[in-house]
Each structure stands twice: as structure tokens, then as C-alpha cells.
Protein chains: 2
Amino acid sequence: MTVSTVTGAASRTVSAEAMCPYRLVLEHVTSRWGVLVLIELLERPHRFSELRRAIGRVSEKGVSEKMLAQTLQTLERDGLVHRDARPVIPPRVDYSLTGLGREAAEQVRTLAEWTHRRMPDVARARQTYDEARTDAVRAS
Amino acid sequence: MTVSTVTGAASRTVSAEAMCPYRLVLEHVTSRWGVLVLIELLERPHRFSELRRAIGRVSEKGVSEKMLAQTLQTLERDGLVHRDARPVIPPRVDYSLTGLGREAAEQVRTLAEWTHRRMPDVARARQTYDEARTDAVRAS
DNA sequence: CCGGATCCGTAGAGATACTG
DNA sequence: CAGTATCTCTACGGATCCGG
């Protein structure tokens, strides 16, 4: 077995984690799919495919199975997500937040809500920026 | 001129932004270098190279000039960062947070501090996870 | 059938070298 | 010093396979 991502990280980070441990966790939490997974799990526990669909609902062209699995593994390893694999057929795996994960998820959700709330301001800023940029090009 | 990143994004996002605008802003804010830039600028305004050095101090193997420029342009376009380019020789450009940027940066910093604080818990969780994983392999 | 693991192709992140 | 052009390489998605 190779487990390029999770275990691979475990061995590579023998040096990488040593230099700046918390930055990596921060990157996991703020990663593209990590953010969405945490927010979604804050609502309620989800099964794998449930999570995939839920994220696809928000992210338009949702997460691939591969990336979802990878993200979940990383978050599980960091102790933010709990994985409950029931040995039944068809297999059923439930994901939920740990106490630690809930703390992180709440912060992330707060940030997401802020972003959503401030969106109009951002849109205005962009328009101004783009117009200035366009004028500059026209002037040349 | 192409301006592959900033202006390129402006045209590509005619469709991309239309589907889910705020997710993109969230990604800018939580992006690898975006996080560090915001936190660093929360301290005080920085010049380009100052910023680069400051981030290199935290991130071990810091940000490349290209990525820093790109990140700053994105954040400027979103109205989070203010760019003050003084027409002198040698060129001097100061970056600072806007009001909007300060709000975002404070949230990001809070999250970063939380991560730092909870690092021991994460480390323990990882150890448990890795050991379980190792045992599973040994059993096979 | 579901939850992944693996292999491979591509686009975008990233470093390096160059310019004003 | 600040920023761009060019090249490299990794992260991500898609298809396929597998074990339960």
C-alpha cells in the first residue's frame, strides 16, 4: 500500500510539519473542499454521497469522489472529523464533526457568512477596479 | 497584454461568478497566500518586499514574487487591500487593508490563532490515527 | 450497489529568469 | 524594487477497478 496522500503526507511531513505545524492544519481547514465539508457537517452528519451531493449543490460542478475522500481523510487525521464505517451491505459510512472540528467549522462558517453578507461591497470594488483597468488600456 | 490572472479571471468569471459569487471571494480570502497576506497586513502596512520577507518568516520557503503579486492583485480587486504606488525611483508601493479587508483579516487571524492554540490536540489525533493505520498494515 | 483506491491527463499553482 | 514572461510540476478531475 502506498496511500500517497494521507500516509504520504505523514512521511513527507516528517520535515515539513517540523518547520511550521499549525500552518498545515490551517491549510487543511481553509482548503477548497475542507471549508465546504466543515460547513456542511456543521448542519448534521452526512454519508459520503450525501456530502458529495450537498456540496455539489453549493459549489456548482461539485467535488470529485477522489477529492472528497482525500479531504475527509485529512480532516479525520487532524481529529476534526469522525468517520463511522458500518460493516453492512451496501456499505454505509457516516461522517460527523468532533468537538475540535465543530470549533473550527463554526469559525469557518462565520467567515463564509461574512463573505456572503459583504458580497455587494466586493462586487462594487471589482467594478471600480475593472473599469479603471479598462480605461487604462484604452488610454494606451 | 494578456494579464492572464487578474483580467483573465475577470472575463472567465462572467460565467463562473454568476453561479456562486461569494464562494470565489471566500477562496481568495482563505487561499494559501491570501491568509498570510491579510494577517500580516493587519499588523501594519507593508511594502511588496517587506511583505515577502515577513511571509517567508512564517511560511518557511516563502511566497514567490509571482504568487505574491497575484494574490495582492486579487485581494485588491475584491476591495480588501489598498495599493498605494508612489511614482518614485526606485519604485515604492505600499499595501494596506481597506475597512472591508480589516474585517476579513480579523476573522482569518482568529482562525489562525485558534489553529495554533489547538495544535496539541491535532498532534495527538494524528498520532492516534497514524498508529491505528500502522497496526492495520502490520495485521495484513 | 456504495465507498473508496489507483492510474493517467490536464489546468493552474508555483519557482526561476528577465524587464522597467 | 516591483512586477512580468516563461518554464516546471503538483493538485485536481475523470475513468476504472475493487472489496464488502
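These numbers come from the heavy atoms of this one structure, side chains and all, not from hydrogens, waters or symmetry mates. Naming: A, B, ... by sequence-line order, numbering from 1 per chain.
Nearest to the side-chain atoms of Ser64(B) among the listed nucleotides dA5(C), dC2(C), dA15(C) stands dA15(C). Closest contact between the side chain of Lys66(B) and the listed nucleotides dA2(D), dG14(D), dT6(D) involves dT6(D). You'll find that the side chain of Pro91(A) is closest to dC2(C), out of dC2(C), dG20(C), dA13(C). Listed nucleotides: dC2(C), dA17(C), dA15(C). Nearest to the side chain of Glu65(B): dA17(C). When each of dA5(C), dG13(D), dC1(D) is scored by its nearest atom to the side-chain atoms of Met67(A), the top-ranked nucleotide is dG13(D).
dT16(C) atom C1' lies 15 Å from atom CD of Gln70(B), rounded to whole Å. In this structure, CZ of Arg86(B) is placed 24 Å from P of dG20(C), rounded to the nearest angstrom. Arg53(A) places its CZ atom 13 Å from the C1' atom of dG3(C), with the value rounded to the nearest Å. Atom CZ in Phe48(A) sits roughly 11 Å away from atom C1' in dA5(C) (whole-Å rounding). A straight line from CD1 of Ile89(A) to P of dG19(D) spans 13 Å, rounded to a whole angstrom. Rounded to whole Å, atom P of dA2(D) lies 10 Å from atom CG of Leu68(B). Taking atom CD of residue Glu27(A) and atom P of nucleotide dC12(D), one finds them 11 Å apart after rounding to whole Å. Residue Arg52(B) contributes atom CZ, which lies 11 Å from atom C1' of dC1(D) at whole-angstrom precision.
Between Asp78(A) and Arg118(B), the closest side-chain pair of non-hydrogen atoms is not below 4.5 Å. A 4.5 Å side-chain heavy-atom check between Thr30(A) and Leu111(B) finds at least one atom pair inside the cut-off.
The phosphate of dT4(D) has OP1 or OP2 within less than 4.0 Å of a side-chain N or O from Gln73(B). For the pair Trp33(A) and dA11(D), the criterion of a side-chain N or O lying under 4.0 Å from OP1 or OP2 is not met. The side chain of Arg47(B) places an N or O atom within less than 4.0 Å of a non-bridging phosphate oxygen (OP1 or OP2) of dA2(D). Taking only side-chain nitrogens and oxygens, Arg32(A) never comes nearer than 4.0 Å to OP1 or OP2 of dC12(D). For dG4(C), one of the phosphate oxygens OP1 or OP2 lies less than 4.0 angstrom from a side-chain nitrogen or oxygen of Tyr95(A).
Using bins of under 30°, 30° to 60° and over 60° for the plane-to-plane angle, the ring pair Tyr95(B)/Phe48(B) lands in the tilted bin.
Defining each end axis of the helix from dC1(C)-dG20(D) to dG20(C)-dC1(D) as the rotation carrying four pairs' C1' atoms onto the next four, with five pairs an end, the two axes are found to diverge by 30° to 10 degrees.
To the nearest 0.5 angstrom, Leu97(A) atom CG is 5.5 Å from Arg102(A) atom CZ.
Under the side chain to side chain contact (heavy atoms under 4.5 Å, CB included) test applied with Val29(A), the options Leu24(A), Leu38(A), Val37(A) reduce to a single match, Leu38(A).
Comment: Arg117(A) does not engage Glu113(A) in a salt bridge, judged by the lack of any side-chain N to carboxylate O separation of less than 4.0 angstrom.
Remark: Glu43(A) CD is loosely packed, at most 12 non-hydrogen atoms of other residues, nucleotides or ligands lying under 6.0 Å away.
Where Val88(A) and Val63(A) meet DNA chain D, the nucleotide closest to each residue was compared, and Val63(A) sits on the side nearer the 5' end. Between Pro87(A) and Pro90(B), the residue anchored closer to the 5' end of DNA chain D is Pro90(B), taking for each the nucleotide with the nearest heavy atom. Both Leu72(A) and Gly62(B) sit near DNA chain C, but only Leu72(A) has its closest nucleotide nearer the 5' end.
Formation of a donor-acceptor pair under 3.5 Å by the Ser59(A) side chain with backbone atoms of Ile55(A) is not found in this model.
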